[in-house]
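Throughout, protein chains are lettered first and strands after them, A, B, ... in sequence-line order, and every chain is numbered starting at 1.
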Number of protein chains: 2
Amino acid sequence: MSVPLSLLALLSQGPAYGARIKADFEERTGRAFPLNVGQVYTTLARLERDGLVVADGGPDDEGRIPYRLTDAGRAEVGTWWERPVDRTEPARDELVMKLALAVATPDVDAHAVIQHQRTAAMAHLQRLTRAKLALSAPGSPPQTEPVPTPTSLSDEVVLEHRLYAVESELRWLDHVEGLLLHRRAPQSAPAPSVTLPSAASATAAPSAARPAPDPSTPISRPAAPDTRH
Amino acid sequence: MSVPLSLLALLSQGPAYGARIKADFEERTGRAFPLNVGQVYTTLARLERDGLVVADGGPDDEGRIPYRLTDAGRAEVGTWWERPVDRTEPARDELVMKLALAVATPDVDAHAVIQHQRTAAMAHLQRLTRAKLALSAPGSPPQTEPVPTPTSLSDEVVLEHRLYAVESELRWLDHVEGLLLHRRAPQSAPAPSVTLPSAASATAAPSAARPAPDPSTPISRPAAPDTRH
DNA sequence: GAAAGACGGTATACCGAGTATGTATGCCGT
DNA sequence: ACGGCATACATACTCGGTATACCGTCTTTC
């Protein structure tokens with residue numbers, strides 16, 4: 001759903017042929033999203049069908065077929081940059097479905113599911129952290145690099161996103177575990193006064209990158225694995 | 001990619017026919033993931049083809065065709081609950097691609113992209129918060145509900161996930177903005193000592209739902225929209 | 001100096017997810 | 001009895017994604 005727009009965005013920098021577009025795309029997204037060449041051609045075909053792109057003449061003497069944006073295509077890119085991506089509908093995330101099903105299904109130990117996911121997430125977090133360190137210091141010893149941008153900004157952008165995502169996922173898992181404990185033993189307080197963890201703080205001061213301490217779940221857990229690389 | 005497994009999970013509670021499965025699925029995932037009926041049937045067909053499920057005899061007197069798990073299917077569900085969902089590869093998220101492209105493309109004002117996304121995210125956060133409040137107190141005044149579980153746990157699980165996700169996204173946007181400022185004016189500190197926002201704290205004490213204050217980006221931003229009710 | 005093969009580029013076939021639409025049937029209410 | 005509606009099943013289609021086939025050129029190697 002985002003690949004077509006990405007291709008348009010790349011073409012807005014000038015005409016290019018399929019393989020070059022693929023290379024550019026991967027380069028500019030931190031090589032985090034390997035793009036199958038086939039997809040590039042089928043997508044280009046669809047874009048051409050929709051009048052957003054045109055083949056700029058037949059194959060040149062080296063067999064390449066450059067494509068360029070039409071005016072409609074250029075407009076499309078423009079609005080893409082302006083319009084925020086839609087987050088209003090929930091994103092069919094496997095983990096969310098799985099956990100929602102788990103807590104709603106008898107015979108399933110939701111706690112165990114959470115535990116498994118959590119240890120995996122922590123391992124993943126470790127991996128990402130290591131990657132980040134490697135990113136900031138590519139050649140191990142020298143930090144006196146003459147190049148001011150030794151690593152691409154794109155790399156960092158996607159890496160950071162993954163870091164924030166795992167971290168958030170961990171907190172969410174903790175929170176759900178807390179919910180489970182409450183529900184299982186709704187001791188004296190039947191009313192679901194469910195702590196409003198992030199929401200309260202975030203709405204109170206959403207402009208600052210305010211954390212969401214979740215006081216309701218001081219769940220004990222296996223010790224953190226060795227953290228340094 | 002997760003719907004087939006979900007259907008198997010539902011069938012593990014006993015045989016059911018297509019439409020019933022759809023209803024169950026939506027019920028147990030907080031009605032956040034509307035599932036097209038057609039998809040249920042095609043998925044069931046594939047599952048039957050793969051031997052994970054069998055039609056339990058022809059249509060009954062009301063035209064329904066119940067399916068039940070095979071042993072292989074049951075095993076599949078078992079391993080699904082045990083195996084954490086894979087987060088090792090980056091999840092083709094439109095926003096991530098878009099922003100990675102934006103920062104790597106001249107002629108594109110990445111700051112503006114971030115701004116647009118941020119205001120949208122804040123509006124969304126507000127909406128979710130409102131939904132959460134409505135969830136905890138469905139009938140407005142009385143909190144003396146006799147029912148201990150007036151709202152389904154599944155609802156809460158997916159709602160909370162969305163809250164954590166937006167919040168994390170906001171922090172990430174802030175962080176990227178910080179990166180942009182650094183890169184644009186790499187004043188006296190050329191070495192990218194990039195603050196390790198979440199990673200450091202999360203690995204230091206991952207068991208507590210520890211927040212990840214990002215001290216590097218005290219970016220000013222438009223005031224928070226009205227937050228209450 | 002030609003066969004073999006690596007390489008770069010294009011194109012097609014295939015699968016699964018997801019959506020829209022069609023069709024049969026039973027149950028109403030008038 | 002008939003129109004309308006709900007229920008359940010089924011098919012057709014689009015799109016994202018992967019694998020693979022194909023074709024020309026350049027290089028290697030005997």
I'd like to know if the side chain of [X] and the backbone of [Y] have a donor-acceptor N/O pair within less than 3.5 Å.
X      : Y      : result
B/K22  : B/L35  : yes
B/T105 : B/V108 : no
A/R92  : A/M97  : no
B/H116 : A/R83  : no
A/H124 : B/R87  : yes

Nearest-0.5 Å distance that lies between atom CG in B/D93 and atom CZ in A/F33
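The distance works out to 7.0 Å.
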Would you indicate whether the side-chain heavy atoms of [Y] and [X] approach each other to under 4.5 Å?
X      : Y      : result
B/K98  : A/S2   : no
B/L153 : A/L180 : yes
B/S6   : A/L101 : yes
B/L11  : B/Y67  : yes

For D/dG16, take OP1 and OP2 only and decide whether either is under 4.0 Å from a side-chain N or O of A/R92.
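A/R92 to D/dG16 OP1/OP2: no side-chain N or O under 4.0 Å.
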Measuring to OP1 and OP2 of C/dG8, would you say a side-chain N or O of A/R64 lies under 4.0 angstrom away?
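A/R64 to C/dG8 OP1/OP2: no side-chain N or O under 4.0 Å.
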Whether the B/E94 and A/W80 side chains hold a donor-acceptor pair (N or O, under 3.5 Å, no angle test) is what I'd like checked.
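B/E94 vs A/W80: donor-acceptor pair found between side chains.
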Considering only heavy atoms, which members of residues 39-48 of chain B lie under 4.0 Å from some atom of DNA chain C?
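Within this stretch, B/Q39, B/R46 sit under 4.0 Å of the strand.
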Heavy-atom contacts under 4.0 Å between residues 6-35 of chain B and DNA chain C, which residues?
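Listed by number, there are none.
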Would you give a per-nucleotide map of nucleotides 20-25 of chain D, 5' to 3', where B means the base has a protein non-hydrogen atom under 4.0 Å away, S means only the sugar-phosphate does, and - means neither?
------
Through what angle, rounded to 10 degrees, does the axis of the helix from C/dG1-D/dC30 to C/dT30-D/dA1 turn between its ends, using five pairs per end?
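If I round to tens, the end axes sit 20° apart.
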Just to verify, what does A/P66 make a side-chain contact (heavy atoms from CB on, under 4.5 Å) with, not counting sequence neighbours?
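For A/P66, the residues satisfying side-chain contact (heavy atoms from CB on, under 4.5 Å) (neighbours in sequence not counted) are A/D56.
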Residues two or more places apart in sequence or in another chain: which of them pass side-chain contact (heavy atoms from CB on, under 4.5 Å) with A/A19?
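Per chain and number, A/A19 pairs via side-chain contact (heavy atoms from CB on, under 4.5 Å) with A/Y17, A/Y41.
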Nearest-angstrom distance from the residue atom [atom1] of [X] to [atom2] of [N]:
X     : N      : atom1 : atom2 : answer
A/E94 : C/dG18 : CD    : P     : 11 Å
B/D50 : C/dA17 : CG    : C1'   : 15 Å
B/D93 : D/dG16 : CG    : P     : 15 Å

